[in-house]
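Worksheet for the structure shown next.
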There are 2 protein chains.
Amino acid sequence: MPSRLTDREAEYLKVIFNLLSKKDAVGSLEVASAMGVSCATASETLKKLYEKGMLRREPWRGVSLSERGIMEVNRILRNHRVFETYAYEVLSISLEDACECANRVELYLPEKIVDSMCRLLGHPKRCPHKNSIPEGSSCCLEK
Amino acid sequence: MPSRLTDREAEYLKVIFNLLSKKDAVGSLEVASAMGVSCATASETLKKLYEKGMLRREPWRGVSLSERGIMEVNRILRNHRVFETYAYEVLSISLEDACECANRVELYLPEKIVDSMCRLLGHPKRCPHKNSIPEGSSCCLEK
DNA sequence: CCCTGAAATTAGGTTCAACCTAATTTAGGT
DNA sequence: ACCTAAATTAGGTTGAACCTAATTTCAGGG
């Protein structure tokens, strides 16, 4: 039933997460302008994300992330930041390039890869930008 | 004008490449069955890939890869095999998992990442399956 | 040499994601 | 109570990736 997120929906989720850092609910209009899309499109997508269990929603009010939404964003952010850190620290990619590379793959990286990179890095708490890296599931810590 | 390949088109290209290892031209029917799709769909997609400059085509005969098609498949294969080798050798992922992980990311890996992994591995000629790894552009070899 | 059958292509259509513009609805402040 | 800005719904469009049902083409057997 949950039916997986599309890539585009994952984008929306990331943007919503960022907007939420400054307030505790965001409206369609804000999402629309952050995504460069009409308000109607944003509204529809928010509904879909809600139906997929990613958002908490008070119609006419605004949305925030549900438990599952938070997990999903954390997964993406973790993928991004671990990969970026690894690319920068181990693969000697410039920070700027590492970040851009991370953007390209963050939605597709298997957990096994990310956990392994995380382990080799010694389970860092922050990426080179000093943003915090969400923890992985327990198996990341297992030897 | 060339207009980038869709993910699905890249899949077709890989399949075509594999079919070509046994013969020197493949027909719609073969591609269709390898992709699990109707013959009409395969035929259409072959036409699109041809229009995008990826295939050589003699209508009613069959297709083979064009120069650009070969480059594209090589890029994907290189991404796959370098990543897989790196995951296996450095990230300690089982060979089977490494291969599966490579399948998930092979279309999205930036060249910089792959070249860096390739360098750290000492520019291996073959992946753990003993398949040959296509060479990268010259800059892979530069220190 | 034609004729037929298998393979290829074209015609015409569906579904779904992601957009849009133009209504329409609604909640909140004056 | 009213007005307006924000949110939603209605009704479309486009493009990717499929499909089934014609139709076309070529190559080999009679």
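In what follows, chains are A, B, ... by sequence order, proteins preceding strands, each numbered from 1.
Among the heavy atoms of the strands lying under 4.0 Å from A/Ala40 is at least one base atom, whether or not backbone atoms are also near. Looking at heavy-atom distances under 4.0 Å, A/Ser28 makes contact with sugar-phosphate atoms alone, never a base.
Look at CD on B/Glu11: it is 14 Å from C1' on D/dA16, rounded to the nearest Å. Between B/Glu58 atom CD and D/dC26 atom C1' there is a gap of 13 Å when expressed in whole angstrom units. For the pair B/Lys52 NZ and D/dG15 P, the interatomic distance rounds to 12 Å; values are reported in whole Å. One interatomic measurement links the two molecules: CG of A/Leu49 to P of C/dA18, which rounds to 10 Å at whole-angstrom precision. One can place CE of A/Met35 at 15 Å from C1' of C/dC20, the figure rounded to the nearest angstrom. Taking atom CG on A/Leu13 and atom P on C/dA18, their separation rounds to 13 Å, with Å as the unit. With rounding to whole Å, A/Leu46 atom CG is found 11 Å from D/dT8 atom C1'. Between B/Leu29 atom CG and C/dT9 atom P there is a gap of 11 Å when expressed in whole angstrom units.
For the pair B/Tyr50 and C/dT9, the criterion of a side-chain N or O lying under 4.0 Å from OP1 or OP2 is not met. The phosphate of C/dT9 has OP1 or OP2 within less than 4.0 Å of a side-chain N or O from B/Arg57. Under 4.0 angstrom from either OP1 or OP2 of D/dT9 there lies at least one side-chain N or O belonging to A/Lys47. Note on A/Ser43: a side-chain N or O is less than 4.0 Å away from OP1 or OP2 of D/dT8. Phosphate proximity of C/dC19 to A/Ser38: absent, as no side-chain N or O sits under 4.0 Å from OP1 or OP2.
A residue-by-residue look at A/Glu44 and A/Arg61 shows that A/Arg61 has its nearest nucleotide of DNA chain D further toward the 5' end. For the pair B/Glu9 and A/Glu30, nearest-nucleotide mapping onto DNA chain D gives the more 5' position to A/Glu30.
In this structure, B/Lys14 places its NZ atom where more than 12 heavy-atom neighbours from other residues, nucleotides or ligands lie under 6.0 Å away. More than 12 heavy atoms of other residues, nucleotides or ligands sit less than 6.0 Å from atom OH of B/Tyr108.
At a threshold of 4.0 Å, the pair B/Arg56-B/Asp24 does not count as salt-bridged, since none of the basic side-chain nitrogens sits closer than that to a carboxylate oxygen. Looking at B/Glu30 and B/Lys23, a side-chain N of the basic residue comes within less than 4.0 Å of a carboxylate O on the acidic one, giving a salt bridge.
B/Met71 has its side chain out of reach of B/Ser66: every pair of non-hydrogen atoms, C-beta onward, lies at least 4.5 Å apart.
For A/Thr6, taking side-chain heavy atoms from C-beta onward, the closest of the listed nucleotides C/dA18, C/dC19, D/dT9 is C/dA18. Which of D/dC19, D/dT8, C/dA8 sits closest to the side chain of B/Trp60 comes down to C/dA8.
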